[in-house]
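A note on names: the letters A, B, ... follow the listed sequences, proteins ahead of strands, and every chain is numbered from 1.
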Amino acid sequence: DAGITQSPRHKVTETGTPVTLRCHQTENHRYMYWYRQDPGHGLRLIHYSYGVKDTDKGEVSDGYSVSRSKTEDFLLTLESATSSQTSVYFCAITETGQSNYGYTFGSGTRLTVV
Amino acid sequence: AQSVTQLDSQVPVFEEAPVELRCNYSSSVSVYLFWYVQYPNQGLQLLLKYLSGSTLVKGINGFEAEFNKSQTSFHLRKPSVHISDTAEYFCAVSSNRDDKIIFGKGTRLHILP
């Protein structure tokens, strides 16, 4: 398996609190992505990164921020969690911006905001 | 802009019967097409992909898909399903001008005994 891990695997947090999810890869891939998965919506892109300190927004970026200070780590932060951010979050990596490689996914983080 | 539509949210099928999961895409440029599978409580795995060349693509676990440019479709098929194929299947599209992949909303495959 590709070396990609997400932490934590599960988290319950209260509305209004900040939350940070971590994606760690050992593949030295340049591109990293954060998606959320919700019933009836499939996977929707939140943010992605194409290199250290280089990030861009996806289709559902409101309420989320990201940081990538080193190649192997891509952090997703919910500044002030809301119940609408209850979801399963997946990180994905790919070697280059040539999307023909497809993605390798992490196992996901299940976040519940109460 | 590209988009992908999975025409069925759920597909029930009897064990050992054939199955087809439908996917249509929209794109103004040449596309890359993918099918991913997600088993319960797991991440997504690449099942197969079409980049160019032969329109019939074979993937893992006996699945195959056919790229049809005139109908803008990329349907996934398996001649005989097993209980272990119970999962959610996602069709996805990209192109050589994109650095990200757009996913469909998924189709849940239910295998009936």
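Heavy atoms of Gln37(A) lying under 4.5 Å from chain B belong exclusively to its side chain. If you measure heavy-atom distances from Glu88(B) to chain A, the contacts under 4.5 Å come from the side chain alone. With a 4.5 angstrom heavy-atom cutoff, Leu45(A) touches chain B only via side-chain atoms. Interface remark: Gln6(B) contributes no atoms to any contact with chain A (heavy atom separation under 4.5 Å). When heavy atoms are compared at a cutoff of 4.5 Å, Arg44(A) does not approach chain B at all.
Annotation: Phe74(B) is not in aromatic contact with Phe34(B) [ring centroid separation under 6.0 Å not met]. Between Tyr36(B) and Phe105(A), a ring centre-to-centre spacing shorter than 6.0 Å is recorded.
For chain B, the option among Pro39(A), Gly40(A), Gly106(A) with the highest count of heavy-atom pairs below 4.5 Å is Gly40(A).
The pair Asp85(B)-Lys78(B) meets the salt-bridge criterion, with a side-chain N (NZ, NE, NH1 or NH2) lying under 4.0 Å from an Asp/Glu carboxylate O.
Of all the heavy atoms in Leu48(B) and Leu46(B), the pair that sits closest is O-CD1, 3.5 Å.
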Check step by step if salt bridge (charged side-chain N to carboxylate O under 4.0 Å, His left out) holds for Arg77(B) and Glu66(B).
CA-CA 8 Å; Arg77(B) 301 185 182 101; Glu66(B) 186 160 16; 3.4 Å; yes
